[in-house]
Protein chains: 2
Amino acid sequence: MEICEITIVDPDKVQSTSTSLPDARDVEELSNLFKILGDPTRLRIVLALSVNELCVCDLAAVTQMSISAISHQLRLLRNMNIVSNNKQGKMVYYKLDDHHIESLIKESLTHIKE
Amino acid sequence: MEICEITIVDPDKVQSTSTSLPDARDVEELSNLFKILGDPTRLRIVLALSVNELCVCDLAAVTQMSISAISHQLRLLRNMNIVSNNKQGKMVYYKLDDHHIESLIKESLTHIKE
DNA sequence: TGAATACTTGCACACTTGTTCAACTGAAAG
DNA sequence: CTTTCAGTTGAACAAGTGTGCAAGTATTCA
């Protein structure tokens with residue numbers, strides 16, 4: 001990986017830009033957040049759960065996806081603490097666990113419609 | 001794809017949730033936006049360009065990536081009208097073209113730090 | 001004109017991702 | 001206990017993604 005070290009055009013600008021970037025860990029975390037919302041199925045799950053607490057099968061119905069596909073995606077969302085679940089008998093109800101995400105999505109929606 | 005049609009538990013909730021979701025086209029567009037920011041290289045490019053207009057080589061230096069990798073990603077960002085470029089002699093300067101994205105990222109950064 | 005520089009592009013390839021299928025778990029009902 | 005139902009899980013696989021490499025373009029400078 002040929003890292004550009006020789007042909008820097010403006011070292012001062014490179015330096016000042018580098019130092020004003022957010023800390024690498026935050027950038028990583030932020031890109032992970034965007035990545036998880038960057039799939040239409042997961043985004044629709046989050047949107048649906050921002051309206052109602054739902055069991056897996058009803059989530060599948062709302063998103064028009066298979067139970068299995070939804071369950072796989074729910075696991076990812078659980079691992080990132082975006083949703084949490086609540087077992088009642090045979091059924092598992094999911095809800096949003098991170099309401100920051102809800103407002104973030106709402107804001108982003110108005111952004112794309114500008 | 002076994003779509004869940006039979007075992008819907010609460011049809012009213014499914015119906016009301018479905019109708020209160022944003023229109024499918026917007027969801028698709030929003031997930032595309034998140035997807036493009038969901039890669040650390042691209043996110044760092046956008047962050048860097050929100051600080052300074054930069055040529056490709058300086059961008060490579062800031063992000064610690066090869067010229068080629070940066071150039072490939074810049075093409076994607078150009079195609080989505082997130083950045084635009086400006087040729088001056090041999091050099092190509094890139095800048096942010098969509099400043100909604102800038103504020104969206106800034107807001108999201110504060111979200112993850114909550 | 002010829003060489004050098006800054007960047008772009010197409011191809012290749014390893015890696016990742018999303019979904020399906022089938023097997024499994026655990027709770028409830030018969 | 002056995003069956004049924006709701007959901008989970010792992011393996012498999014096709015499709016997509018990010019980067020490197022090498023060749024190409026366009027501009028500058030000698």
Side-chain angles (χ1 to χ4, degrees), chain A residues 1-10 13-14 28 31-32 34-46 49 53-80 83-95, chain B residues 1-10 13-14 28 31-32 34-46 49 53-80 83-95:
Chain A
M1 197 219 308
E2 164 240 337
I3 292 176
C4 177
E5 291 169 346
I6 303 129
T7 38
I8 289 177
V9 173
D10 185 339
K13 211 154 81 170
V14 169
E28 197 67 26
S31 76
N32 282 335
F34 285 139
K35 185 180 253 172
I36 209 154
L37 297 175
D39 172 74
T41 303
R42 284 191 298 265
L43 185 56
R44 280 183 295 156
I45 290 175
V46 173
L49 294 182
E53 208 168 311
L54 290 165
C55 67
V56 178
C57 189
D58 285 357
L59 259 177
V62 169
T63 57
Q64 295 276 82
M65 290 279 151
S66 73
I67 304 269
S68 177
I70 294 301
S71 188
H72 279 295
Q73 301 296 8
L74 283 171
R75 176 158 55 155
L76 296 180
L77 292 167
R78 249 187 292 133
N79 290 344
M80 294 202 62
V83 306
S84 63
N85 58 7
N86 182 305
K87 195 162 190 174
Q88 287 179 22
K90 285 184 289 189
M91 321 253 287
V92 181
Y93 285 91
Y94 279 84
K95 65 178 169 103
Chain B
M1 199 217 311
E2 163 238 339
I3 292 176
C4 179
E5 290 169 346
I6 302 126
T7 40
I8 289 178
V9 173
D10 185 339
K13 212 153 79 168
V14 169
E28 197 66 26
S31 75
N32 282 334
F34 286 139
K35 185 180 251 173
I36 208 154
L37 298 175
D39 172 75
T41 303
R42 283 191 299 264
L43 185 55
R44 280 183 296 156
I45 291 175
V46 174
L49 294 181
E53 209 168 311
L54 290 165
C55 67
V56 178
C57 189
D58 286 356
L59 258 178
V62 168
T63 57
Q64 295 275 84
M65 289 279 150
S66 73
I67 305 267
S68 176
I70 294 301
S71 190
H72 279 297
Q73 302 295 6
L74 283 170
R75 177 160 53 158
L76 296 180
L77 293 167
R78 248 186 295 135
N79 289 345
M80 294 203 62
V83 306
S84 63
N85 58 8
N86 181 305
K87 193 161 190 174
Q88 287 179 19
K90 285 184 292 189
M91 321 254 289
V92 182
Y93 286 91
Y94 278 84
K95 65 178 171 106

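Within every chain, numbering begins at 1; the chains are lettered A, B, ... in the order of the sequence lines, protein sequences first and strands thereafter.
For the pair A:Met65 and A:Gln73, the minimum side-chain heavy-atom distance is 4.5 Å or more. In this structure the side chain of B:Leu54 reaches within 4.5 angstrom of the side chain of A:Lys13, judged on heavy atoms. Residues B:Leu49 and B:Leu59 are in side-chain contact: their nearest non-hydrogen atoms beyond the backbone lie under 4.5 Å apart.
In this entry the distance linking CG of B:Leu74 with P of C:dT8 reads 7 Å, nearest Å. Protein atom CD1 of B:Ile67 is 15 Å distant from nucleotide atom P of C:dT9, rounded to whole Å. Between B:Arg42 atom CZ and D:dG18 atom C1' there is a gap of 8 Å when expressed in whole angstrom units. As rounded to whole Å, 12 Å separates atom P of D:dT8 from atom CG of A:Asn86. We find that CD of A:Gln64 is positioned 12 Å from P of C:dT20, with the value rounded to whole Å. Distance CD (A:Gln88) to C1' (C:dA27): 13 Å, rounded to an integer number of Å. Between B:Ile70 atom CD1 and D:dG18 atom P the separation is 12 Å, expressed in whole Å. Rounded to whole angstrom, the span from the CE atom of A:Met91 across to the C1' atom of C:dG26 amounts to 15 Å.
Of the listed nucleotides (D:dT28, D:dT9, C:dT8), D:dT28 has the atom at the smallest distance from the side chain of B:Lys90. Checked against D:dG18, C:dC7, C:dT19, the side chain of B:Val56 finds its nearest nucleotide in C:dC7. When distances run from any side-chain atom of A:Lys35 to the nucleotides C:dA6, C:dT17, D:dT8, the shortest one goes to C:dT17. Side-chain atoms of B:Lys87 lie closest to D:dT27 of the nucleotides C:dC7, D:dT27, D:dT8. Of all nucleotides listed (C:dG18, C:dC7, D:dA26), C:dG18 comes nearest to the side chain of A:Gln73.
The side chain of B:Tyr94 contributes no N or O atom lying less than 4.0 Å from OP1 or OP2 of C:dA6. Between B:Thr41 and D:dT19 there is a side-chain polar atom (N or O) within less than 4.0 angstrom of OP1 or OP2. For B:Arg75, no side-chain nitrogen or oxygen approaches OP1 or OP2 of D:dT17 to under 4.0 Å.
Rounding to the nearest 0.5 Å gives a distance of 5.0 Å between SG of A:Cys55 and OH of A:Tyr93.
A donor-acceptor pair under 3.5 Å is formed between the side chain of A:Asp58 and the backbone N or O of B:Asp10.
Checked by distance alone, B:Ser68 brings no side-chain donor or acceptor within 3.5 Å of a matching partner on the base of C:dC7.
Closest-nucleotide positions on DNA chain D for A:Tyr93 and A:His72 were compared, and the one nearer the 5' end corresponds to A:Tyr93. Where B:Leu76 and B:Gly89 each meet DNA chain D at their nearest nucleotide, the meeting point lying more 5' is that of B:Leu76.
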